[in-house]
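Below you'll find the structure, written out as structure tokens, and then a few comments.
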Number of protein chains: 2
Amino acid sequence: MLDSTFPEVRSLDLFADMSDESYAKLMRGAYLQTFPPHVDLITEGEEADFLHVLVLGSVDLFSSWNNRETSVSIVKPVSTFILAATIRDARYLMSARTMEKSRIVMIPSQDVREIFDLDAGFARAVVVELAACYRSVIKTTKNLKLRTALERLANYLLSRSKDHNGAQHFALDLEKRQLASVLGMTPENLSRAFKALQAYGVAVSGENVELSDITELEKFAKPTTLIDDNQT
Amino acid sequence: MLDSTFPEVRSLDLFADMSDESYAKLMRGAYLQTFPPHVDLITEGEEADFLHVLVLGSVDLFSSWNNRETSVSIVKPVSTFILAATIRDARYLMSARTMEKSRIVMIPSQDVREIFDLDAGFARAVVVELAACYRSVIKTTKNLKLRTALERLANYLLSRSKDHNGAQHFALDLEKRQLASVLGMTPENLSRAFKALQAYGVAVSGENVELSDITELEKFAKPTTLIDDNQT
DNA sequence: CCAGTCACTTGATATTTATCAAGCGTCTAT
DNA sequence: ATAGACGCTTGATAAATATCAAGTGACTGG
């Protein structure tokens, strides 16, 4: 299904270190598909038949219980989702929907498990990716359990600022309702939280954020690499 | 350091599928050590020099920020901790301390990474373990974001009941203060939550729990395998 | 251009959760 | 035995967060 006309996939970290032969095998049953915005890709509880790799766009991983819903994380290119379910041949723990137009590679889970045993380079890449995912969720848990909503928002803003080379001004990359869900609060509360952070030099207008006193904001937010750093 | 006098280690899921040669290499630099209760094993932020495997006892993985502290999870035998940090050669995201007398295998991280590349059976076992850890934290996150403290406690009790073959009566395996921290609430609140659950047939005396109406409690708690099941 | 939709905001209020202070009961060490 | 320590509980209160109900403003489709 997938051939060399998609070098973008081959060069992803996850596939870069494997043999051509393994790659060919892996891709034999794979699809590369483009989805419009707001399309449901996966529903939690289903069997994990495919490993998904997001090549372009963005995907919301969310979960529901008892009529409540929450965003567990937002996936940006290039990353996999549903890797753990694929490995364990288990059911999805989260649902997924596209947030914008997205290009996604879908690889049959069984092939992933098969090639994992055959190709050490791929195995290493899978483990490294999975470990990164694990550490990211641990950080989320710490963020939720150790901080108030206001503190989470403050640190989120500082984090985004760092993503923009420490810029004082940048645009939110999420709708506010979406951001509220990611941060574990209601949209109403997010509005009030933004207002409360005015005291630390935060100004928001639409999607535009201005941090006029990053030092003061940091004094309040107390960011730490052990929670707020995406890389380590 | 470790030889065949510790068959308990060799037969762990993590090590069972590897060659004798790889196992020998892996254990060359390893220690098997017994720690007394309430000993700090690891401090978050340090380099992950060793992979830890808990063979006996129990270990608290906790984290601190801004003078607050929370239990992220309790590790019971047989499982690893710090696996993700070892894989990524990164810093620990959590601190660890023994809760009771515990026997722990410590394997130099570098050896783990080396043998991972050499032994496919070990690689598979590492990935399966890591995927299980990942899914477990995802469930924790969903639990925290989708449920109130009362709902978390109710589901925790139902979960423990299932661990005891659905028994109506069982003993808590954690101190209440510890349990409160795991569930993301204060000890005071846990006390009140237990009282509030009396309405659903929950009675607690010391460490003894009696669930006199599991059906009613389930109607309130709405447990789901996608959050509350340890296995899948 | 206008009406409608929709995300966001704001205010009032309720619920949930934490904090502080005190008290209770059990265990332990002298 | 008894004093203290300690874990737990309880009550009073405060803080954090959610809910409900309007309202605003921007974009969109006819």
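Proteins get letters first, then strands, A, B, ... in listed order; numbering begins at 1 in each.
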Task: Distance, rounded to the nearest Å, where Leu146(B) contributes CG and dA18(D) contributes P - done: 12 Å

Task: Under 4.0 angstrom between Thr186(B) side-chain N/O and dA18(C) OP1 or OP2 - done: yes

TODO: Starting at atom CZ of Arg68(B), determine the distance to atom P of dT17(C), rounded to an integer number of angstrom.
DONE: 17 Å

- [ ] Provide, to the nearest angstrom, the distance between the NZ atom belonging to Lys145(B) and the P atom belonging to dT17(D).
- [x] 13 Å

Task: Residues in side chain to side chain donor-acceptor pair (under 3.5 Å) contact with Tyr156(B), at least two apart in sequence or another chain - done: Asp173(B)

Open item on the list: Rounding to an integer number of Å, can you tell me how far His38(B) NE2 sits from dG7(D) C1'?
Closed with: 12 Å

Open item on the list: Please determine whether a side-chain nitrogen or oxygen atom of Asn189(B) lies at a distance below 4.0 Å from atom OP1 or OP2 of dT17(C).
Closed with: no

TODO: Just jot down the salt bridge (charged side-chain N to carboxylate O under 4.0 Å, His left out) partners of Glu210(A), sequence neighbours excluded, or say none.
DONE: none

TODO: Would you list the pairs meeting side-chain hydrogen bond (donor to acceptor under 3.5 Å, both in side chains) in which at least one residue belongs to residues 73-88 of chain B, sequence neighbours left out?
DONE: Thr80(B)-Glu129(B), Thr86(B)-Ser109(B)

TODO: Give me the residues of residues 171-183 of chain B where at least one heavy atom lies under 4.0 Å from an atom of DNA chain C, by number, or none.
DONE: none

Task: Thr98(B) side-chain N/O to Val39(B) backbone N/O, donor-acceptor pair under 3.5 Å - done: yes

- [ ] Return the set of residues passing side chain to side chain donor-acceptor pair (under 3.5 Å) with Ser181(B) (not counting sequence neighbours), or none when no residue passes.
- [x] none

Task: Partner set under salt bridge (charged side-chain N to carboxylate O under 4.0 Å, His left out) for Glu216(A), not counting sequence neighbours - done: Lys219(A)

- [ ] Not counting sequence neighbours, which residues clear salt bridge (charged side-chain N to carboxylate O under 4.0 Å, His left out) with Glu47(B)? List them please.
- [x] Arg91(B)

Open item on the list: Nearest whole Å is fine: how far is dC8(C) P from Leu153(A) CG?
Closed with: 14 Å

Filtered N/O pairs between nucleotides 20-28 of chain D and protein, under 3.5 Å:
{"from": "dC20(D)", "atom 1": "N4", "to": "Glu188(A)", "atom 2": "OE2", "distance (Å)": "3.2"}

TODO: Could you pull out all residues at least two apart from Asp89(B) that satisfy salt bridge (charged side-chain N to carboxylate O under 4.0 Å, His left out)?
DONE: Arg113(B)

- [ ] Look at the side chain of Asp60(A) and the backbone N and O of Met99(A), then say whether any donor-acceptor pair between them is shorter than 3.5 Å.
- [x] no

Open item on the list: How many whole angstroms separate atom CG of Asn67(A) from atom P of dA18(D)?
Closed with: 17 Å

Task: Whichever of Leu190(B) and Arg152(A) has its nearest DNA chain D nucleotide further upstream toward 5' - done: Leu190(B)

Only pairs under 3.5 Å count here: list side-chain donor-acceptor contacts from residues 200-208 of chain A, not counting sequence neighbours, and write none if there are none.
none

Open item on the list: Let me check the geometry of the helix from dC1(C)-dG30(D) to dT30(C)-dA1(D). What is the bend angle between the axes at its two ends, five pairs each, to 10°?
Closed with: 30°

Task: Side-chain N or O of Lys195(A) closer than 4.0 Å to phosphate OP1/OP2 of dT9(C) - done: no

TODO: Quickly work out the Leu144(B) CG to dT17(D) P distance and round it to whole Å.
DONE: 13 Å

Open item on the list: Just the rounded figure in Å: distance from P of dT17(D) to CG of Leu150(A).
Closed with: 8 Å

Open item on the list: Would you say that more than 12 heavy atoms from the other residues, nucleotides or ligands in this model lie under 6.0 Å from the CG of Asp213(B), or not?
Closed with: yes

TODO: Look at the side chain of Ser191(A) and decide which nucleotide, out of dC8(C), dG11(C), dA18(D), has an atom nearest to it.
DONE: dC8(C)

- [ ] Sequence neighbours left out, what pairs pass salt bridge (charged side-chain N to carboxylate O under 4.0 Å, His left out) with at least one residue falling in residues 138-151 of chain A?
- [x] Lys142(A)-Glu44(B), Arg147(A)-Asp228(A), Glu151(A)-Arg68(B)

